[in-house]
Amino acid sequence: MPAETFEFQVEARQLLQLMIHSVYSNKDVFLRELVSNASDALDKLRLEKLRDDSLDADVSDLHIELDADKDARTLTVRDNGIGMSYDEVGQLIGTIAHSGTAQFLQELREAKEEAKEGAEEGLIGQFGVGFYSGFMVADAVTLVTRRAGESEGTRWTSRGEGTYTLEKVADAPQGTSVTLHLKPADPDNQLHDYTSPYKIREIVKRYSDFITYPIRMTPEGTGPDGEASQDQDQDQEQAAPAPETLNSMKALWARSRDEVSEEEYHELYKHVGHDWRDPLETIRLQAEGTFEYQALLFLPAHAPFDLFNRDYRRGLQLYVRRVLIMEDCEALLPPYLRFVKGVVDAADLSLNVSREILQQDRHIDMIRRRLTKKVISTVKDMMAKNPDRYAAFWREFGTVLKEGLVTDPENRDALLAVASFGSTHHDSEQTTLKQYLERMKDGQEDIYYLTGESRQSIENSPHMEAFRDRGIEVLLLTDPVDEVWADAVGTFEGKNLRSVAKGRIDLDAEDTEASEDEQKKQGEEYAGLLGWMTEQLGEDVKEVRLSSRLTVSPACVVSDADDLTPALENMYRAMGQEVPRAKRILELNAQHQLVKGLNQAYAEREDHTALAETAELLYGLAVLAEGGQPKEPARFVKLMADRLQRAL
């Protein structure tokens, strides 16, 4: 039968150009697409042979073969799979010319006109035309195929410009062979030399390493003609070179745990995690049913140096039937689990034509929720069964994991259950919120905490004095994110989380020996001083009052219960969000000699001018004590120097 020439429709020609020039961002993926098609063909042949034992097809050595010819500048991808008949070639390879093309292009134009973000990707996802990616790197493509069980094959050829030819051939082997007549290499345009064995190995290793079937290539130094050096003896000349298998075929996640050694898991982690150390924990997950996928995740032993950088590369490797689709799929885990490495292999997903961009898919959301819960439950098991390993994990990743307390309300309770914090209960060991509750004093209604830059600065804070004297445990939170999550969480198992540096805390209310009459009398005694200082410091404080949290220091500054702390204000400003400056509250220790003397001087003197400087210095000292600095440091230093001089 002579070759027949078919002409693409105008719309199909436009669509073909779109596929070649606009869809794929990385030209290397053409080989991934062709190898994936070949793997599908081998799967179909194996299934067909199981269904029909009389099928005349050899399934003893199913494989994919790559053949590069530097001189002819061709690359051939060959398989001995199911193959296609003459009619199937017209239907499957010619799908791009079907009548739906015009409608597709019309929808594409409308999407562009409406400037819908991501609309192109969504529409393109309707078409499976990975075969045409070969035209990105080739001037012409030749396909030769013969369906298993048939005696006659088919040849399809096209230059991707406007026409293609179909003809029947008598001597075609079973399976499909795609030969790309490659364009000249152009590194500036990301067009590499795809006859280079090194480049071919690199692409196969990156995208198709876990394909079930062997991907073979003739070793370097032997061409398709099979000629050998004349210096070789006759036996060597006649011996065919052993083909090189490029892929490992070791999809560890698809094998049972007892078939895989820890060393193999560790090697895979080092490959996907770009780490030279062994992982801390290996997590396996397999979902079956209407939507099937397998996952193999790793918890690193050490946090990478750039974990908190904005451009940190996060995400899992996403495979679809063992073909790499995305190197770093961020959609599979929330940002606070960005340190987790591993692979997810799904049976099927909604992908665009280039398999590079995931469409919005409920299956992705399902995977994300399941993987998130699995990682958190693994940390919980680690906490219960291997405290030392958990402590090492929390030391490296506790800070980033606590981001989830703010961003992931759905898993907040589970995260709180695996979180641990420094505490005044122990100098070095951390505690959980549940352990804190078990140690709470009778009558204590709140979980107390204090944030700061370091444990030492928190322990030395004036706010801690009354709690330390009464033996009330306080959580010591030193991570920047602690300022945010503590407010966001609010409660734990019915107990409020309260900062000891915010609001009015009256610990004497729980002390049966405290006298309400004494407190009332003290308030009346200092009422004049407190009102006068509130007026004097009005630009900086909203109120001056007596404190029940101080035992040693003369004064401290606290935030109102509903106000942002200075640290949180600074954090928002660093992120570019301008927030109004909240006035603080100055609390005085009525038992301190400085405060007593100031109150006496205020009562005895009519001229309070000199006392105004003392009030200003007292406020500045309170700000310094909590780690801040006075509004005008130079003025504060001058006032302090003058006072020291008078004391000599």
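If you check the side chains of Asp275 and Tyr269, you find a donor sitting under 3.5 Å from an acceptor. No side-chain donor-acceptor contact under 3.5 Å links Ser85 and Asp87.
Residues Lys183 and Val137 have side chains not in contact (no heavy-atom distance under 4.5 Å, counting atoms from C-beta outward). The side-chain heavy atoms of Arg206 and Arg32, taken from C-beta on, include no pair separated by under 4.5 Å. Taking 4.5 Å as the limit, some side-chain heavy atom of Leu299 sits within range of a side-chain heavy atom of Phe339. Side-chain contact between Tyr207 and Leu31 is absent, with no heavy-atom pair separated by less than 4.5 Å. The side-chain heavy atoms of Leu45 and Gln174, taken from C-beta on, include a pair separated by under 4.5 Å. Contact annotation: the side chain of Met84 approaches that of Leu143 to within less than 4.5 Å [non-hydrogen atoms, C-beta and beyond]. Leu337 has its side chain out of reach of Leu371: every pair of non-hydrogen atoms, C-beta onward, lies at least 4.5 Å apart. Using a 4.5 Å cut-off on side-chain heavy atoms (C-beta onward), Val144 and Thr142 make contact.
The aromatic rings of Tyr164 and Trp156 lie parallel to each other, with less than 30° between the two planes, well short of the 60° mark. Ring pair Phe393/Phe397 is tilted by interplanar angle, where 30° to 60° counts as tilted. Ring geometry, Phe291 versus His363: the interplanar angle falls under 30°, so the pair is classed parallel (tilted spans 30 to 60°).
Of all non-hydrogen atoms in Ile200 and Ala68, the two that sit nearest each other are CD1-CB, 3.9 Å. The two residues Thr74 and Leu182 make their nearest non-hydrogen contact at C-CD1, 4.3 Å. Minimum heavy-atom separation, Leu415 to Gly404: CD1-C, 3.5 Å.
Side-chain atoms of Asp79 never come within 3.5 Å of backbone atoms of Gly175 as a donor-acceptor pair (strictly under, hydrogens ignored). Proximity of a side-chain donor or acceptor of Asn247 to a complementary backbone N or O of Val204 within less than 3.5 Å is not detected. Side-chain atoms of Asp186 never come within 3.5 Å of backbone atoms of Leu191 as a donor-acceptor pair (strictly under, hydrogens ignored). Judged purely by atom type and a 3.5 angstrom limit, Glu396 uses its side chain to pair as donor or acceptor with the backbone of Ala303. Put simply, the side chain of Asn309 never gets that close to the backbone of Asp311: no donor and acceptor are under 3.5 Å apart. A donor-acceptor pair is defined here as one N or O able to donate and one able to accept, closer than 3.5 Å; no such pair exists between the side chain of Ser39 and the backbone of Val35. In terms of modelled atom types and a separation under 3.5 Å, the side chain of Asp139 and the main chain of Arg159 share no donor-acceptor contact.
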Show the numbers, then the answer: is there a salt bridge (Lys or Arg N to Asp or Glu O under 4.0 Å) between Arg322 and Asp209?
CA-CA 8 Å; Arg322 303 190 187 181; Asp209 192 46; over 6 Å; no
Determine whether Arg73 and Asp193 satisfy the following criterion, salt bridge (Lys or Arg N to Asp or Glu O under 4.0 Å), listing intermediate values before the conclusion.
CA-CA 9 Å; Arg73 287 205 55 74; Asp193 180 7; 3.4 Å; yes
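The residues Asp43 and Arg46 are annotated as salt-bridged, a charged nitrogen and a carboxylate oxygen being separated by less than 4.0 angstrom. A salt bridge links Lys199 with Glu202; the closest basic N to acidic carboxylate O contact falls under 4.0 Å. With salt bridges taken as basic N to acidic carboxylate O contacts below 4.0 Å, one links Arg201 and Glu244.
In summary, of the residues considered (Lys44, Arg147, Arg146), a salt bridge (charged side-chain N to carboxylate O under 4.0 Å, His left out) with Glu88 occurs for Arg147 alone. No option in Leu252, Leu268, Leu324, Val323 other than Leu268 meets the side chain to side chain contact (heavy atoms under 4.5 Å, CB included) test with Phe210.
Of the inter-residue distances, the one linking Arg257 atom CZ with Thr282 atom OG1 reads 7.0 Å to the nearest 0.5 angstrom. Here CG of Asp345 is found 10.5 Å from CD of Gln286. Values are rounded to the nearest 0.5 Å.
Within the cation-pi definition used here (under 6.0 Å to the ring centroid, within 45° of the axis), Arg338 qualifies as a partner of Phe308.
Open room surrounds NZ on Lys380; 12 or fewer heavy atoms of other groups in view lie less than 6.0 Å from it.
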